[in-house]
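In what follows, a single structure is set out as structure tokens and then discussed.
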Amino acid sequence: MKSLQKSRTIFFRLLWVPFLLLFISCAPYLVQNNWSLLLDVDESVVEDSVYVRLIKPYKEQLDREMGEVIAVGRKELTKNIGESTLGNLVADMQWAYSESKLGHAVDISVINNGGLRNSLPEGDITVGNVFELSPFENFIFLLELTYDDVERLANYAVKGKNLGIAGLNVESKDGQLHLFTVGGRPVEKGRSYTLAVNDYLANGGDQMDFLVGLPRIVESEVLLREMLMDQIKEWAASGKLIDAEIEGRQKLY
């Protein structure tokens, strides 16, 4: 009896083999192909009225939201090599936000020029302006720095000339770091300093690999864009115009 059951089991297992082979043979066969076609998008491309009608209500809603005025700028704020009005503003706002909303005292705040993708206009500042300024999904981190770390950061600022900075003042001579202070005072050995920075830089972006291994006090889920929206609205609610000046934070010679 056992031998009969064993024979039936083997028979039914073998019966599945041709069906399995048939199923495999009918499966789609994927072939890698690197063929491509370049299509020019110019005045000759005609709008498809069906799709235009489809997206119209969504576009109108998005335009309304992006067009909301949230503050007024005293003048246009732009970025440039080294210290800039826009870099100072964003670094200051990141500093203030980190202290008030993340609950930690901050000594230094930096923002990379590459993360600022547009200027802030004179006059009405809209939600759309903030999205254009900060389109990336960058989060705010707080890191712990030693004397040597601060010196590396100061050297980086002098060499790269691509940071907006608050709290840290740097001065160079003939392209070399000459002087750096935090809060207007010499940096102390044996003391720790808190840096507010975005996660892109904290993870070594823009060749700031010296930040990667530093202790992380806070890894927030607050987007840089959300911080800017919050701070710009807060300034506007207090009756302040959005403005910043060149203050000599980075004297690069």
Side-chain angles (χ1 to χ4, degrees), residues 73 75-98 106-121 129-183 187 193-214 216 222-225 227-228 231-232 242-253:
K75 61 177 178 288
E76 183 182 18
L77 301 180
T78 60
K79 66 178 182 179
N80 52 259
I81 295 175
E83 185 177 355
S84 69
T85 54
L86 185 60
N88 283 356
L89 177 80
V90 177
D92 285 346
M93 286 186 166
Q94 181 174 253
W95 186 353
Y97 184 95
S98 298
V106 171
D107 300 293
I108 306 168
S109 174
V110 301
I111 179 70
N112 54 316
N113 281 346
L116 306 177
R117 307 304 286 186
N118 210 339
S119 59
L120 283 177
N129 292 140
V130 179
F131 271 80
E132 291 169 354
L133 171 62
S134 181
F136 304 122
E137 304 298 285
N138 291 139
F139 301 100
I140 299 175
F141 281 15
L142 301 183
L143 309 182
E144 184 179 306
L145 277 61
T146 64
Y147 174 96
D148 291 339
D149 300 323
V150 175
E151 185 175 31
R152 291 187 188 97
L153 179 60
N155 265 305
Y156 178 90
V158 166
K159 298 293 185 181
K161 300 180 180 179
N162 67 333
L163 293 179
I165 304 175
L168 172 66
N169 283 32
V170 297
E171 184 176 333
S172 66
K173 283 186 178 180
D174 300 323
Q176 301 297 317
L177 180 63
H178 172 65
L179 179 69
F180 64 102
T181 61
V182 173
V187 181
Y193 295 84
T194 300
L195 169 69
V197 66
N198 63 60
D199 65 323
Y200 170 72
L201 298 182
N203 290 322
D206 282 4
Q207 299 181 0
M208 297 185 75
D209 53 297
F210 57 91
L211 297 180
V212 174
L214 300 185
R216 300 188 173 190
V222 178
L223 292 173
L224 181 66
R225 179 173 58 251
M227 176 278 294
L228 287 170
Q231 288 296 288
I232 288 173
I242 306 304
D243 196 15
E245 302 293 340
I246 301 294
E247 302 175 350
R249 301 178 185 185
Q250 303 182 60
K251 297 178 180 179
L252 307 179
Y253 308 111

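By the side-chain hydrogen bond (donor to acceptor under 3.5 Å, both in side chains) test, Asp206 is found to be paired with Asn112, Tyr200, residues two or more places apart in sequence or in another chain being considered. Scanning for ring-ring contact (aromatic ring centres under 6.0 Å, His included) contacts around Phe136 gives an empty result, with sequence neighbours left out. For the side-chain hydrogen bond (donor to acceptor under 3.5 Å, both in side chains) test, no residue two or more places apart in sequence or in another chain qualifies with Thr78. Annotation: salt bridge (charged side-chain N to carboxylate O under 4.0 Å, His left out) contacts of Glu247 (sequence neighbours excluded): Arg249. Legend: residues meeting side chain to side chain contact (heavy atoms under 4.5 Å, CB included) with Asp243, ordered by chain and number and at least two apart, are Arg74, Lys75, Leu77, Glu245. With sequence neighbours excluded, no residue forms a side-chain hydrogen bond (donor to acceptor under 3.5 Å, both in side chains) with Thr85. Residues that satisfy the salt bridge (charged side-chain N to carboxylate O under 4.0 Å, His left out) test with Arg117, not counting sequence neighbours, are absent from this structure. With sequence neighbours excluded, the residues that form a side chain to side chain contact (heavy atoms under 4.5 Å, CB included) with Leu252 are Val158, Lys161, Val170, Ser172, Gln250. For Asp107, the side chain to side chain contact (heavy atoms under 4.5 Å, CB included) test picks out Val182, Arg191, Tyr193, Thr194, with sequence neighbours left out. By the side-chain hydrogen bond (donor to acceptor under 3.5 Å, both in side chains) test, Glu76 is found to be paired with Ser119, residues two or more places apart in sequence or in another chain being considered. Remark: Ser134 pairs with Leu224, Arg225, Leu228 by the side chain to side chain contact (heavy atoms under 4.5 Å, CB included) rule, at least two apart or across chains.
Across Glu144 and Leu214, no two heavy atoms sit closer than the pair O-CB, 3.8 Å.
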